[in-house]
Amino acid sequence: MLGLILNRLAQVAFVLAGLTVLTFLLVRAVPTDPATILAGEGATAEQLATIRERYGFDRPLHEQFAAYVGQLARGDLGISVYTSRPVATDLVQRLPATVELALAALVLAIALGIPMGVLAATSYRRMADHLLRVLSMLGLAVASFWLAIMLQMTLSLNLGWFPLRGRIDTVAEPPPGVTGLFTIDYLLAGQPAMAWQALVHLALPAVTLALPAMATISRFVRSSLIETLQKDFVAYEIAMGYPRRVVIWKYALRNSLSATVTQIGLLVGLLLSGSIVVEAIFSWPGLGDYIYRAIITGDTNPVLSATLLIGVIYAVANILVDVIQALIDPRVRSGR
Amino acid sequence: MKFVLRALFRDWAAVFGLAVIFLLAVLAIFGEWIAPFPEDAFDVKPWQRLRPPGPEFLLGTDALGRDILSRIILGARVALGIALTVVAAAALIGVPLGLVAGYRDGWLSDAIMRVTDIFLAVPQLVLALAFAAVMAPSIQTAMLALTLTYWPFFTRIVYGETRRVRSALYIDALMAVGAGPARIALMHILPNIMPAIIVRATIGLGVTILIAAALGFLGMGATPPTPEWGLMVAESRRYLPDAWWYSTFPGIAILLAVLAFNLLGDGLRDAVDPRLRRSR
């Protein structure tokens with residue numbers, strides 16, 4: 001078990017080092033001059049020269065890279081031109097909002113996706129199965145930016161059931177930071193009304209983000225459960241007179257979930273990339289919204305640092321998947 | 001081949017996907033002749049702005065008075081053009097790399113797969129955005145960013161499939177009669193793994209349309225006045241909720257196009273891989 005984790009950590013370290021090189025090359029080796037981007041349009045030649053010298057763009061590439069790695073190691077991710085604050089500070093401040101949104105979406109996706117998959121598998125090739133297949137195909141094909149706008153248009157602007165954007169009303173006071181998740185922090189501070197407000201704000205972005213993940217889970221649960229239900233042990237249990245509900249939900253589902261767990265890494269990817277679009281539309285003050293703002297203002301430091309951070313989150317999620325799998329499946333634990 | 005086609009045509013969902021793709025292709029090729037107002041790709045007609053759907057403009061007009069149906073039809077070429085270019089270019093990079101890495105052992109093979117891992121370490125949209133962000137936004141930039149982030153998917157699948165086929169007995173036989181590695185890889189392994197590549201490419205077309213639309217929506221892809229679906233949705237946001245048709249219809253176009261490629265991809269996979277047919 002420990003060996004498995006160490007092995008995966010070494011792989012991840014290599015991949016992240018590679019990602020660092022890639023993002024570095026991205027800014028420094030593209031044909032566009034980074035100094036012109038930083039200086040903005042209409043900068044004088046003198047201003048450009050100052051910027052080149054200050055940021056070291058005039059030095060050889062490998063020296064620049066060494067300096068960049070040194071900065072990263074000290075936790076210095078540079079300054080954001082847009083917020084004029086250190087990128088590291090911005091990222092730390094914005095991470096909890098994304099975590100809250102992604103967790104809410106993940107819970108929704110699992111809570112709906114697994115029962116949907118089970119229902120589809122148990123009604124294989126019948127009406128419910130066909131309907132759920134259409135639903136999950138639509139969930140995977142819909143553009144989340146469009147879905148978000150449709151939800152805003154109908155449920156917020158026309159019906160007024162949900163707020164249009166933000167984590168809480170603009171006049172509201174944020175909760176004392178404990179976990180950074182507003183819904184939980186308000187509850188901890190004994191403000192249930194505000195927790196409800198935060199939850200209502202969370203609803204539409206979380207649903208938008210959850211839909212593709214839900215579709216993915218339901219498809220995997222369906223196909224692996226169909227396979228499991230054809231196994232001998234299921235036929236045996238049914239012959240023994242166990243209630244069908246128990247056989248499916250207790251024995252067959254647990255045997256099918258192991259295959260589904262490997263897809264959680266994929267889900268985290270879906271949630272992370274979906275969060276950029278969803279946060280930008282709902283003005284959700286998380287990482288995705290930060291990346292979006294940095295991109296449209298041509299602010300490269302935050303874009304690259306946030307890309308690296310997403311790489312780290314993605315890698316950690318994939319290690320966790322391996323560990324969880326080892327925990328629920330003894331064959332993986334013992335190295336097969 | 002005949003067997004695969006027969007299996008494919010029994011799958012109603014795949015047939016539906018194929019029909020929509022055929023329609024898209026017709027629109028992409030003959031769009032100018034089909035669209036009611038082909039000049040609306042670029043024209044500005046302020047006197048008829050934001051008209052709701054009606055007999056004259058079936059899907060309404062946008063903020064510059066352009067017919068939305070026409071722009072959706074003209075957008076089919078943009079969407080399909082981007083998707084085909086990106087997937088073809090990504091396959092041209094990814095498939096040879098996967099073949100080399102899968103067929104040979106040693107440092108080159110390792111190096112290829114490690115680089116692939118690096119590109120797969122971040123979700124595709126995030127990496128594509130990072131690429132697009134350091135260059136000036138345009139359709140060409142978006143295509144480059146999408147190609148640079150999609151080839152690893154081909155490399156990985158080709159690598160796995162090549163490893164699987166490589167251990168087959170007939171490959172040993174070919175080596176025994178003196179066939180060279182290039183000949184074996186190109187003439188004997190590649191045709192055998194082609195179905196996997198085609199399935200990946202079909203699904204890739206859908207994924208690419210979706211991500212290209214997201215790039216357009218975020219302002220990192222097509223620039224106005226290009227009739228690009230994602231860009232159209234972005235332009236419509238300011239006119240909500242009154243001009244509901246403005247956002248709704250381009251989004252449905254994206255949904256249908258992506259759905260079609262996903263359904264066909266699923267159908268193809270089931271048809272070429274009988275093992276999966278029962279469970280999908």
Side-chain angles (χ1 to χ4, degrees), chain A residues 11-12 14-19 21-23 26-27 30-32 34 37 133-134 137-138 140-147 149-150 152-154 156-158 222-224 226-227 230 268-270 272-274 276-277 280-281 291-292 294-296 298 300 303-304 306-308 310-311 314-315, chain B residues 12-13 17 114-115 117-137 206-207 209-211 213-214 216-220 229-230 233-234 236-237 240-244 247-248 250-263 266 276 278-280:
Chain A
Q11 275 177 25
V12 164
F14 176 83
V15 165
L16 290 179
L19 197 59
V21 178
L22 188 66
T23 50
L26 214 54
V27 222
V30 288
T32 43
I37 297 178
R133 182 178 174 196
V134 171
M137 288 310 284
L138 286 175
L140 286 178
V142 72
S144 47
F145 60 87
W146 179 73
L147 179 67
I149 288 175
M150 290 293 109
Q152 276 186 331
M153 182 173 80
T154 51
S156 303
L157 293 170
N158 282 333
R222 174 184 179 272
S223 60
S224 70
I226 287 174
E227 231 177 277
Q230 292 166 348
V268 171
L270 273 177
L272 284 173
S273 48
I276 297 180
V277 172
I281 293 174
I291 296 182
Y292 172 66
I295 286 172
I296 52 175
T300 41
V303 178
L304 298 179
T307 306
L308 270 181
I310 285 179
Y314 202 29
Chain B
W12 59 269
R114 291 297 82 78
V115 172
D117 284 345
I118 292 168
F119 276 83
L120 291 171
V122 180
Q124 200 202 350
L125 176 65
V126 179
L127 196 57
L129 272 175
F131 276 117
V134 294
M135 295 177 271
V207 171
I209 291 178
L210 198 56
I211 298 189
F217 176 82
L218 293 172
M220 285 294 120
W229 298 335
V233 176
S236 74
R237 279 184 77 194
L240 287 175
D242 302 318
W244 59 268
S247 330
T248 306
I252 292 178
I254 301 172
L255 178 69
L256 277 178
V258 178
L259 185 66
F261 282 109
N262 286 354
L263 289 175
D266 260 22
L276 295 169
R278 295 294 311 163
S279 56
R280 281 278 155 189

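Residue numbering restarts at 1 for every chain, and letters A, B, ... go by the order of the sequence lines.
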(request) State, with a plain yes or no, whether a side-chain heavy atom of B:Leu127 is found less than 4.5 Å away from one of A:Leu22. (result) yes
(request) Of all the heavy-atom pairs spanning B:Leu120 and A:Tyr314, show the shortest one and how long it is. (result) O-CE2, 3.5 Å
(request) Under 4.5 Å heavy-atom distance to chain B, tell me which part of A:Val134 shows up: side chain, backbone, both or neither. (result) side chain
(message) Less than 4.5 Å to any heavy atom of chain B: does that hold for the side chain of A:Ala143, its backbone, both, or neither?
(response) both
(message) For B:Phe261, give me all partners under ring-ring contact (aromatic ring centres under 6.0 Å, His included), at least two apart in sequence or on another chain.
(response) none
(request) Tell me, out of B:Phe131, B:Phe217, B:Trp229, B:Phe119, who's got the most heavy-atom pairs with chain A below 4.5 Å. (result) B:Phe217
(request) Give, as side chain, backbone, both or neither, the part of A:Ile281 having an atom under 4.5 angstrom from any heavy atom of chain B. (result) both
(request) Select one option (side chain, backbone, both, neither) describing which atoms of A:Val142 are under 4.5 Å from chain B's heavy atoms. (result) both
(request) For B:Arg114, check salt bridge (charged side-chain N to carboxylate O under 4.0 Å, His left out) against everything at least two apart and list the hits. (result) B:Asp117
(message) Once rounded to the nearest 0.5 Å, what's the spacing between atom CH2 of A:Trp146 and atom CD1 of B:Ile252?
(response) 5.0 Å
(request) Find the distance between CG (B:Asp266) and CZ (A:Arg133) and round it off to the nearest 0.5 Å. (result) 6.0 Å
(request) For the residue pair B:Leu125 and A:Val277, establish whether any side-chain heavy-atom pair is separated by less than 4.5 Å. (result) yes
(message) Let's test your reading of the structure: which of B:Leu129, B:Val233, B:Leu210, B:Thr248 forms the most heavy-atom pairs below 4.5 Å with chain A?
(response) B:Thr248
(request) Below 4.5 Å from any heavy atom of chain B, which atoms of A:Ile295 appear? Answer side chain, backbone, both or neither. (result) both
(message) Is B:Ala132 close to chain A through its backbone or its side chain, or both, or neither, when contacts mean heavy atoms under 4.5 Å?
(response) neither
(message) Using heavy-atom distances under 4.5 Å, tell me whether B:Leu263 contacts chain A through its side chain, its backbone, both, or neither.
(response) both
(message) Given heavy-atom pairs under 4.5 angstrom as the criterion, report whether the side chain, backbone, both or neither of A:Ile276 touches chain B.
(response) side chain
(request) Looking only at non-hydrogen atoms, find the nearest pair between A:Ala141 and B:Leu255 and report the distance. (result) C-CD1, 3.7 Å
(message) Testing the basics here: between B:Ile118 and A:Gly18, what is the closest heavy-atom pair and its distance to 0.1 Å?
(response) CD1-CA, 3.4 Å
(request) Measure distances from A:Leu138 to the heavy atoms of chain B and classify the residue's part below 4.5 Å as side chain, backbone, both or neither. (result) both
(message) Can you tell me which portion of A:Met137 sits under 4.5 Å from chain B's heavy atoms? Options are side chain, backbone, both or neither.
(response) both
(message) Which one wins on heavy-atom pair count under 4.5 Å against chain A: B:Ala130, B:Gly230, B:Pro250, B:Ala13?
(response) B:Ala130
(message) Let's test your reading of the structure: which of B:Leu218, B:Ile211, B:Ile254 forms the most heavy-atom pairs below 4.5 Å with chain A?
(response) B:Leu218
(request) Measure across B:Val122 and A:Gly311 and return the closest heavy-atom pair with its distance rounded to 0.1 Å. (result) CG2-CA, 4.0 Å
(request) List the atom of B:Pro123, the atom of A:Leu272, and the distance in Å for their closest heavy-atom pair. (result) CG-CB, 4.3 Å
(request) Enter the distance from B:Leu240:CG to A:Asn158:CG here, rounded to the nearest 0.5 Å. (result) 9.0 Å
